[in-house]
Amino acid sequence: MEKEQIINKAEKVLYKIYNRFPVVFDHGKGVRLYDTDGEEYLDFGAGIAVMGLGYDYPGFNDAVKAQIDKIYHISNLFYNEPAIAAGEKLLRASCMDKVFFTNSGTEAVEGALKIAKRHAFNRGMRTDYEIIAMKHSFHGRSLGALSVTGNDHYQIPFAPLLPNIRFAEYNDLDSVKALWSDKTCAVIMETIQGEGGIFPATEEFIGGIRELCDRSDALLILDEVQCGMGRSGFMFAWQEYGVKPDVMTVAKALGNGMPIGAFLASGRAATAMESGDHGTTFGGNPLVCAAASKVLDIFEQDHIVEHVNEIGSYLWEKLEELAAKHDCIADHRGRGLIQGLEFTVPVGPIITEALVNQKLVLIGAGSHTIRVVPPLVIEKADVDEMIRRLDTAITR
Ligand SMILES: *Cc1c(COP(=O)(O)O)cnc(C)c1O
């Protein structure tokens with residue numbers, strides 16, 4: 001089918017929620033994407049920080065295909081070996097105690113919130129507990145996750161949402177203290193805010209919240225859906241700070257494109273929910289768990305996190321140079337391979353120019369920030385290429 005035909009049909013069929021770019025991707029290889037016209041693109045968006053290993057990474061597709069031919073769904077009423085293998089590897093990488101597999105990031109957040117509620121219930125707080133979340137956060141689109149997402153634009157049409165959520169300023173410990181009460185049962189935050197514009201937590205902030213939680217038996221929930229799985233230069237971004245969450249969520253890059261997420265719990269949070277408290281039909285099926293298991297093997301064997309550190313500091317240098325060259329770049333933030341460039345102007349036209357004319361895939365985070373979240377396997381030459389194309393797109 002011709003591109004225009006595909007796009008017209010899509011607009012007739014698909015629920016109109018997204019304003020899609022006029023490109024139909026057909027296949028990928030490494031860190032390159034190819035559209036239906038045969039044009040090649042450099043991918044620095046990774047399907048929204050999902051394709052950590054890029055496309056067709058050696059051994060990954062074969063592992064998924066082998067599992068399809070064996071068995072790929074049996075429900076959670078039975079045991080399956082890929083889920084145990086993936087779980088073991090995740091627990092080893094995170095030092096958490098228990099894992100529950102979900103189909104998405106938002107579902108991982110739902111599970112984390114249910115642990116917080118159950119923990120409060122177990123402490124006899126019944127229904128008057130409160131949860132502290134952050135302004136400019138993003139935790140997902142389902143109603144629970146949306147309730148802790150500090151964005152009026154996303155929330156207002158769907159109010160009323162979960163009650164007793166209080167919003168603090170990210171990286172402002174006093175604003176958290178001001179909201180704290182004996183009803184506070186949990187704090188939920190991203191270790192590095194992603195959609196909100198790439199803001200890493202300060203050590204003082206995350207450490208201070210850990211202390212507040214410890215003092216009053218509240219749970220610290222760290223959302224690592226975007227910044228986790230090696231992207232920050234640590235397997236999980238919180239490992240940089242010497243704090244450990246009671247509950248953590250992961251998803252995006254966990255299955256390298258297979259739809260899998262998870263919530264992991266440690267200590268008392270790991271036993272807060274009991275049999276029958278939660279469930280999922282698809283979650284943790286052998287197919288997606290075989291994918292996650294293979295991803296975790298590849299991370300270890302091919303030293304992916306070390307590579308992120310090396311290439312992440314190179315990307316940092318090059319983006320610093322770019323920022324120095326263009327007055328319209330106001331700020332540069334991030335860690336590893338999750339970096340953001342904040343502009344004094346809306347970034348929509350730059351992203352479109354980069355895609356359509358420079359064949360560079362980039363995504364935004366809010367209206368004024370370009371989010372640089374490439375596959376973790378990019379090389380220095382890919383960074384150089386990206387900088388050249390972005391430089392041209394900005395100039396245009
Ligand atoms: C993307 C994202 C989510 C939601 O994940 P979905 O898979 O889209 O439901 C939750 N938290 C963070 C930090 C995210 O970046």
Side-chain angles (χ1 to χ4, degrees), residues 15 17-18 20 45-52 94 100-116 131 133-151 153-155 158 161-162 165 167 170-171 186-201 206 220-232 234 236-238 245 247-264 280 282-284 288 291-292 295 333-340 363-366 369-374 376:
Y15 206 116
I17 296 278
Y18 281 99
R20 292 182 164 86
I48 319 187
V50 166
M51 304 301 292
S94 63
F100 181 100
F101 288 112
T102 66
N103 307 290
S104 66
T106 203
E107 284 170 86
V109 171
E110 296 295 328
L113 294 174
K114 281 181 76 173
I115 290 181
I131 295 173
M134 300 299 147
K135 293 179 185 168
H136 310 294
S137 59
F138 184 81
H139 297 291
R141 306 296 198 139
S142 54
L143 290 167
L146 183 59
S147 302
V148 290
T149 289
N151 182 321
H153 179 70
Y154 291 162
Q155 281 199 340
F158 303 101
L161 295 164
L162 279 184
I165 312 291
F167 286 97
Y170 195 77
N171 278 341
V187 176
I188 181 166
M189 59 181 276
E190 295 152 271
T191 319
I192 300 173
Q193 284 196 331
E195 304 278 331
I198 316 295
F199 290 94
I206 204 164
L220 172 58
I221 303 168
L222 291 180
D223 185 343
E224 292 258 339
V225 167
Q226 185 160 171
C227 60
M229 291 302 293
R231 187 161 286 286
S232 72
F234 290 78
F236 301 103
W238 55 262
V247 184
M248 120 168 137
T249 56
V250 288
K252 289 195 165 81
L254 176 58
N256 199 50
M258 287 290 127
I260 179 170
F263 59 82
L264 293 91
T280 168
F282 293 129
V288 295
V295 166
R333 300 179 289 267
R335 294 275 193 282
L337 289 177
I338 175 165
Q339 298 189 27
I363 54 180
T369 302
I370 287 181
R371 161 168 43 163
V372 186
V373 287
L376 306 180

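In what follows, every heavy atom counts, from backbone to side chain, and hydrogens, waters and symmetry copies are set aside. Counting convention: from 1, in listed order, for ligands and their atoms alike. Start at 1 with the first residue, then count along the sequence. Here the structure is a predicted model, which means the values were calculated and not measured.
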Exercise. D223 heavy atoms, cut-off 4.0 Å: which ligand 1 atoms fall inside?
Worked result: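 Atoms satisfying the 4.0 Å criterion: 10 (C), 11 (N), 12 (C), 13 (C).
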For this session: Heavy-atom contacts with T106 under 4.0 Å: which atoms of ligand 1 show up? List them by number with element.
Result: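 Counting from 1, the qualifying ligand atoms are 4 (C), 5 (O), 6 (P), 9 (O).
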For this session: Nearest heavy atom to atom 3 (C) of ligand 1 wins, so pick from T149, V225, L254.
Result: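 Looking at heavy atoms only, the winner is V225.
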For the 3.5 Å polar cut-off, considering only N or O atoms, please tell me whether [X] and ligand 1 meet it.
X: A251; answer: no
X: Q226; answer: yes
X: K252; answer: yes

For this session: May I ask you to check whether E190 and S137 show a side-chain donor-acceptor distance below 3.5 Å?
Result: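 On atom types as modelled, these side chains do not qualify, holding no pair under 3.5 Å.
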For this session: Give a yes or no on this: more than 12 heavy atoms of other residues, nucleotides or ligands lie within 6.0 Å of atom CG of L161.
Result: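 Result for CG/L161: enclosed.
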Exercise. Counting only non-hydrogen atoms of the protein, does one fall under 4.0 Å from atom 5 (O) of ligand 1?
Worked result: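 Yes, there is a protein heavy atom closer to it than 4.0 Å.
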For this session: Distance to 0.1 Å, residue and atom name: give those for the protein heavy atom nearest to atom 7 (O) of ligand 1.
Result: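 Its nearest protein heavy-atom neighbour is G105 N, 2.8 Å.
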Exercise. Which distance, rounded to the nearest 0.5 Å, do you find between the NE2 of H139 and the CG of L146?
Worked result: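 Rounded to the nearest 0.5 Å, the NE2-CG separation comes out at 11.0 Å.
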Exercise. Rounded to the nearest 0.5 Å, how far does CD of Q339 lie from OG of S232?
Worked result: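 Answer rounded to 0.5 Å: 11.5 Å.
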Problem set entry | Lys/Arg-Asp/Glu bridge criterion (N-O < 4.0 Å) met for E195, R371 |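 So E195 pairs with R371 through a salt bridge.
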Exercise. Does any non-hydrogen side-chain atom of M189 lie less than 4.5 Å from one of L222?
Worked result: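 They are in contact (side-chain heavy atoms under 4.5 Å apart), so the answer is yes.
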For this session: For T106 and A145, indicate whether the former's side chain and the latter's backbone hold a donor-acceptor pair under 3.5 Å.
Result: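 Side chain of T106 to backbone of A145, a donor-acceptor pair under 3.5 Å: no, none is there.
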Exercise. Side chain, backbone, both or neither: which part of E190 has a heavy atom under 4.0 Å from ligand 1?
Worked result: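 Side chain only.
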